[in-house]
Novice: 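One structure, as structure tokens, below. Some questions next.
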There are 2 protein chains.
Amino acid sequence: MAKLPQEVGRPRGRPREFDLDEALDKAIRVFREQGYNATSIGDLTEAMGLASGSIYKAFKDKRTVFLAALDRYMLLRNEQIAAVARAARTARERLRAVLGFYVESAKGVEGRRGCMVVGSAIELAIADREVAARITAALSRNEALLADLIRQGQADRSIPGKIDPDETARVMICLTQGLRVVGRAGRAPADTSAAVDIAMKLLA
Amino acid sequence: MAKLPQEVGRPRGRPREFDLDEALDKAIRVFREQGYNATSIGDLTEAMGLASGSIYKAFKDKRTVFLAALDRYMLLRNEQIAAVARAARTARERLRAVLGFYVESAKGVEGRRGCMVVGSAIELAIADREVAARITAALSRNEALLADLIRQGQADRSIPGKIDPDETARVMICLTQGLRVVGRAGRAPADTSAAVDIAMKLLA
DNA sequence: TGACTTAGGGAACAATCTTTCCCTAAATGG
DNA sequence: CCATTTAGGGAAAGATTGTTCCCTAAGTCA
């Protein structure tokens, strides 16, 4: 027999006093800046405002905190990119907007703060299967998004039909990820629209 | 009084039994694969074939081993790139060759092994001033090399004179560094020459 | 040959880090 | 209102790490 559709009342014991997502946002900040290995539980307790015991109540271990933070980081970032793409009208403009968003993300303090996808790819993709799977998924998702925009542009004639959407998208992904690398070193392009103009030549 | 130009006989005590550069090559391998923080002294003793005491005789501490390995990595890599560039005749061909070299470096096991410059930029550029200085120098050196090749191409008319060499080189550096990121995740472009063809459009 | 200097190796040390444990607090259910 | 469940917090434990120390070995210098 299936259980009756129980009203989702409060769960059993003492209720959690903090918001999980807010705590994860603070963890994201630390992981972005320091990476996984350089971040201690002490760093997390300080940033999240929780005692170590409480962190281990909410998460199995440090790695699980990281994976949850990574998932949330990718979720928020995908929403941002989707919003940026939605704001523009033509496919070509959407591509411009997305590329511009990546360049802006690589500049200044935001750029120095780093990207959790790039950081995880470099630091953990070799050592941690689950992280690797998430990175692969994120990269192929973003690549598919760009390829799709390219195809839309080819459909509305704003992008030449002769270029290969998949190959071009793959090269563009390299560009976006590389932006985060140079941004981490404080060497992102100073002039966003000039950089985007150059990057858009890949669509010629 | 200045010392007389002493013949450089053997140094004082017991001579070192291993070759410093060979040991550093083995350290490079480990640092490339695991990064700085995830590499323990135990990992280094195993890889370098030296006891911990011997490592600390040759280097002040783990960080100093890493800096020496990083310097050697950049030295070797610069030599390779220079050789690749020298092998081609025209400026445009040299650019093609250099870009192709980067794509090849990002593929397969070599790509998975990772780039020490990218790894250091991501993991340490924020936390370690000296590492940051080396990364900045490496990026600007490579950027200057590309910009120089572009200018040569403009001089011999194989590259349009209207493009900005510095801005274009900066975007190209993003591409090369991004290749190492996706290469680390095993997602480098499969077809090197196709990818280079697309990247060369930045010079249009 | 004997004093001196530097290298090799590994045990010992000191610090740090992750995780567990335990006690108290706050909620629900019968 | 007492039993039960889960959260919060911090001390303690257990594991790992980076570094030092010390003894032996292999050279040079006088």
Novice: Choose from dG29(C), dT19(C), dA26(D) the nucleotide whose nearest atom is closest to any side-chain atom of Arg12(A).
Specialist: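 So the side chain of Arg12(A) is nearest to dG29(C).
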Novice: If we ignore hydrogens and angles and just use 3.5 Å, is the side chain of Gln154(B) paired with the main-chain N or O of Ile163(B) as donor and acceptor?
Specialist: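 The answer is yes, because a donor-acceptor pair under 3.5 Å joins these two groups.
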Novice: I'd like to know if the side chain of Arg32(B) and the backbone of Met116(B) have a donor-acceptor N/O pair within less than 3.5 Å.
Specialist: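 The answer is no, because no donor-acceptor pair under 3.5 Å joins these two groups.
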Novice: Over how many whole Å does the gap from Glu46(A) atom CD to dC17(C) atom C1' extend?
Specialist: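 The distance from CD of Glu46(A) to C1' of dC17(C) comes to 15 Å, rounded to the nearest Å.
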Novice: Do Arg170(A) and Arg187(B) have side chains that approach each other closer than 4.5 Å (heavy atoms only, starting at C-beta)?
Specialist: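 Side-chain contact under 4.5 Å: yes.
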Novice: Starting from P on dA26(D), measure out to CZ on Arg16(B) and report it in whole angstrom.
Specialist: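 Nearest whole value for this atom pair: 17 Å.
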Novice: By the 4.0 Å heavy-atom rule, please label Phe59(B) as base, sugar-phosphate, or nothing.
Specialist: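 Nothing: the residue Phe59(B), judged by heavy atoms under 4.0 Å, touches no strand.
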Novice: Looking at Arg14(B), does any N or O in its side chain come under 4.0 Å of the phosphate oxygens OP1/OP2 on dT5(C)?
Specialist: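 No, because none of the side-chain N or O atoms of Arg14(B) sits under 4.0 Å from OP1 or OP2 of dT5(C).
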Novice: Which residue lies toward the 5' end of DNA chain C, Gly13(B) or Glu17(B), if each is placed at its nearest nucleotide?
Specialist: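 The residue mapped nearer the 5' terminus is Gly13(B).
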Novice: How close or far is atom P of dT18(C) from atom CZ of Phe66(A), stated in whole angstroms?
Specialist: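 Going from Phe66(A) (CZ) to dT18(C) (P), I get 13 Å.
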Novice: Could you state the NZ-P distance from Lys62(B) to dT16(C), rounded to the nearest angstrom?
Specialist: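 To the nearest whole Å, that distance equals 15 Å.
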Novice: OP1, OP2 of dG9(D) versus side-chain N and O of Ser54(A): anything below 4.0 Å?
Specialist: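 Looking at the OP1 and OP2 atoms of dG9(D), one of them is under 4.0 Å from a side-chain N or O of Ser54(A).
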Novice: Starting from the 5' end of DNA chain D, give me the residue, Gly53(A) or Pro15(A), whose nearest nucleotide shows up first.
Specialist: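 Residue closer to the 5' terminus by nearest nucleotide: Pro15(A).
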Novice: Verify the contact: side-chain N or O of Lys57(A) to OP1 or OP2 of dG8(D), cut-off strictly under 4.0 Å; return yes or no.
Specialist: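 So the side chain of Lys57(A) is outside the cut-off, no N or O lying under 4.0 Å from OP1 or OP2 of dG8(D).
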Novice: When you measure from every atom of DNA chain D, which of residues 34-42 of chain B have a heavy atom less than 4.0 Å away?
Specialist: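 Of all residues in residues 34-42 of chain B, the ones placing a heavy atom under 4.0 Å from DNA chain D are Thr39(B), Ser40(B), Ile41(B).
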Novice: Angle between the two end axes of the helix from dT1(C)-dA30(D) to dG30(C)-dC1(D), five base pairs per end, rounded to 10 degrees?
Specialist: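 One end axis against the other gives 0°.
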Novice: Side chains of Asp19(B) and Leu24(B), heavy atoms from C-beta outward: is any pair under 4.5 Å?
Specialist: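 They are not in side-chain contact.
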Novice: Between dA7(D) atom P and Met48(A) atom CE, what is the distance in whole Å?
Specialist: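 In whole Å, dA7(D) P and Met48(A) CE are 14 Å from each other.
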Novice: Please check this pair: side chain of Arg180(B) against backbone of Val118(B), looking for a donor-acceptor N/O pair closer than 3.5 Å.
Specialist: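 Absent.
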Novice: Is it the case that atom CZ in Arg29(B) sees more than 12 heavy atoms from other parts of the structure closer than 6.0 Å?
Specialist: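 Incorrect, the count does not exceed 12.
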Novice: Rounded to whole angstrom units, what separation is found between the OH atom of Tyr56(B) and the P atom of dT17(D)?
Specialist: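 From Tyr56(B) OH to dT17(D) P: 12 Å.
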Novice: Would you check if the side chain of Arg113(A) reaches a backbone N or O of Glu33(A) as a donor-acceptor pair within less than 3.5 Å?
Specialist: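 No, the answer is negative, given that no donor and acceptor are paired below the 3.5 Å cut-off.
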Novice: Tell me yes or no: between the side chains of Ser193(A) and Arg96(A), is some donor less than 3.5 Å from an acceptor?
Specialist: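 No - no donor-acceptor pair under 3.5 Å links their side chains.
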Novice: Side chain of Asp61(B), heavy atoms from C-beta onward: which of dT20(C), dT19(D), dG8(D) has the nearest atom to it?
Specialist: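 Shortest atom-to-atom distance from the side chain points to dT19(D).
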Novice: Could you tell me whether the side chains of Gln152(A) and Asp148(A) share a donor-acceptor contact shorter than 3.5 Å?
Specialist: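 Yes.
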